[in-house]
Amino acid sequence: MTGSLARNSVFTTGALALRLVTQAVALVALTRLLGPTDYGHFTSAAALAVVMGTLPSLGSGYVLLKRAAGQPSEVAHTWRYAWPLTFAIGLLLLAGYLAAGLWLSAGAIGLSLLLWMGCAELLATPFTTLISFALQATERVPLSQLVQWVPLGLRVLAVLPCFALPVEQRLSTYVELQLAASALGALTAWVIARRYVTFDWHPRLATSEEFRDGASYAAMLLVAANPTELDKVMAVRQVGATDAGIYTAGSRVLGALVMPVLAMLLTAQPRLFRHARNKKSEATTLICRLFAVALAWGLISGSLLAIASPALPLIFGHGFRRTAELVPWMACSAPFLSLRLASGSVLIALGHPLERMGFELCGIVVLLAGMLVFTPYWGVLGLIIAVIASDIAMSAIGVALVARHAREPAEPHYTA
């Protein structure tokens, strides 16, 4: 079992490594294309779209994953309500995103650009993610990550022609091409996945149990996205667009370095769901190994980031020279971020999504309080301190919750 997990983790890490390289290329290309100020405005609006993009499927991906752990044929039945629900909620959220985006950007990003960004993240991307869940439910985890890579790869290609345009046209053109890349990526994901997964396109309404379970997962996903993206959403308002762009560039590098932890967790999640269902004693051993690897890689990746920080201004461009000063501080959060990701993934699989939501809500409170207290005095460094404090709080509470459930002799229950 351990060998199978290791092999799948390696394959999944390979798929995620491809995503990592693609995201790195996109990050460098966008920072050089837009400069720190426009990049700051763009990433603030994009982060808001990513946070809201966790809601359209209303947690149906996790409902699908949980059901398939006991009976793979449930994928097609769950899909019947998942896809129309995702489309309908995505349309409803789009109006709210436009209003919030205009307020956050203070008019720096026009309504039409926000519309294209909203369509990409609230309609096309959730559909691709739902297909990825269907593949993950059949334990094709590397392929599930590959279909999520396709739109990212297409977005990189969308950056390249923008360099030939005048500076004032680059952002608008890229956003339009990004929408096209996301739509084409969603279509490609479906074409790939239908070879391995049976999709039933006859729509139906969700049952009350499906709606209730999915809503709890959706709330968890929304809360989980906020500690990762809320700092980037609010950075423009707290420290200005230029510093926000510099901070976000460094933060994206940190997020990329902890991706092997994500690969391991994605690979282990179907097995953890089965352990929770079948009362298998191997769960505790597997959880301990997951946490040990997560902590080790967090320490390694943080150290690598701190060592490499002087090279970042050479990569991103002269306008991002402060990354060399700020990134070593940001690297301090790497081990806590890894432990927080591991805690959240394990709690989901053990059937406690609301507990994950609870500890991440605590992290959001710490993050917001830290931003309000520290940024007026220390600017972007205060923002980094707030993020570190938030990650420490979430990892400590998350590990404690998992440890409590690991000691329980009874089967973990599925809370709604």
Side-chain angles (χ1 to χ4, degrees), residues 8-9 11-12 14-16 18-19 53-90 120-154 182-207 209-211 213-218 220-221 224 262-263 265-274 276-277 345 348-349 351 353 414:
N8 284 332
S9 294
F11 290 138
T12 304
L16 286 174
L18 184 59
R19 283 183 66 185
T54 61
L55 292 175
S57 65
L58 200 67
S60 55
Y62 279 104
V63 174
L64 186 154
L65 187 62
K66 184 171 114 175
R67 288 185 168 180
Q71 189 174 354
S73 61
E74 284 292 319
V75 172
H77 182 65
T78 306
W79 181 265
R80 288 184 57 199
Y81 92 84
W83 75 264
L85 184 69
T86 300
F87 182 72
I89 295 179
E121 298 297 340
L122 298 175
L123 297 176
T125 299
F127 185 73
T128 303
T129 303
L130 197 59
I131 293 174
S132 176
F133 267 108
L135 287 167
Q136 187 180 346
T138 59
E139 298 208 31
R140 290 179 171 85
V141 180
L143 187 59
S144 75
Q145 296 307 300
L146 184 62
V147 300
Q148 292 203 64
W149 168 81
V150 172
L152 293 177
L154 293 174
S182 298
L184 183 58
L187 178 62
T188 304
W190 172 69
V191 171
I192 293 173
R194 67 177 182 171
R195 298 178 57 189
Y196 305 96
V197 181
T198 300
F199 295 106
D200 189 340
W201 292 93
H202 295 90
R204 67 173 178 89
L205 295 175
T207 65
E209 180 184 0
E210 289 168 337
F211 194 87
D213 287 351
S216 68
Y217 284 119
M220 174 209 67
L221 288 171
L262 180 60
L265 296 171
L266 286 171
T267 303
Q269 200 164 54
R271 188 164 297 158
L272 283 170
F273 269 104
R274 288 200 303 274
R277 178 182 293 270
S345 182
I348 292 172
Y414 292 100

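Nearest heavy-atom pair across Trp79 and Ile131 is CH2-CG1, 3.8 Å. The minimum heavy-atom distance between Ala82 and Thr86, with the atom names listed, is O-OG1, 2.7 Å. Shortest non-hydrogen contact noted between Thr128 and Ala189 is CG2-CB, 4.0 Å. Minimum heavy-atom separation, Pro56 to Leu122: CG-O, 3.6 Å. Closest approach of Ser132 and Gln148 over heavy atoms only: OG-NE2, 2.9 Å. Ala183 and Ala124 get closest at one heavy-atom pair: N-CB, 4.0 Å.
Between Phe199 and Trp190 there is a side-chain heavy-atom pair separated by less than 4.5 Å. At a threshold of 4.5 Å between non-hydrogen side-chain atoms, the residues Pro151 and Thr125 do not count as touching.
The local environment of CZ in Phe211 is sparse, with at most 12 non-hydrogen atoms from other residues, nucleotides or ligands closer than 6.0 Å. At most 12 heavy atoms of other shown residues, nucleotides or ligands fall within 6.0 angstrom of atom CG in Leu205.
The main-chain N or O of Phe133 is never found under 3.5 Å from a side-chain atom of Ser144 such that the two would form a donor-acceptor pair.
Separation of atoms CZ (Phe127) and OG1 (Thr129) is listed at 11.0 Å; rounding is to 0.5 Å. Rounded to the nearest 0.5 Å, atoms OG (Ser57) and OH (Tyr81) are 8.5 Å apart. How far CG of Leu135 is from CG of Leu143: 5.0 Å, rounded to the nearest 0.5 Å.
At a threshold of 4.0 Å, the pair Glu210-Arg204 counts as salt-bridged, since one of the basic side-chain nitrogens sits closer than that to a carboxylate oxygen.
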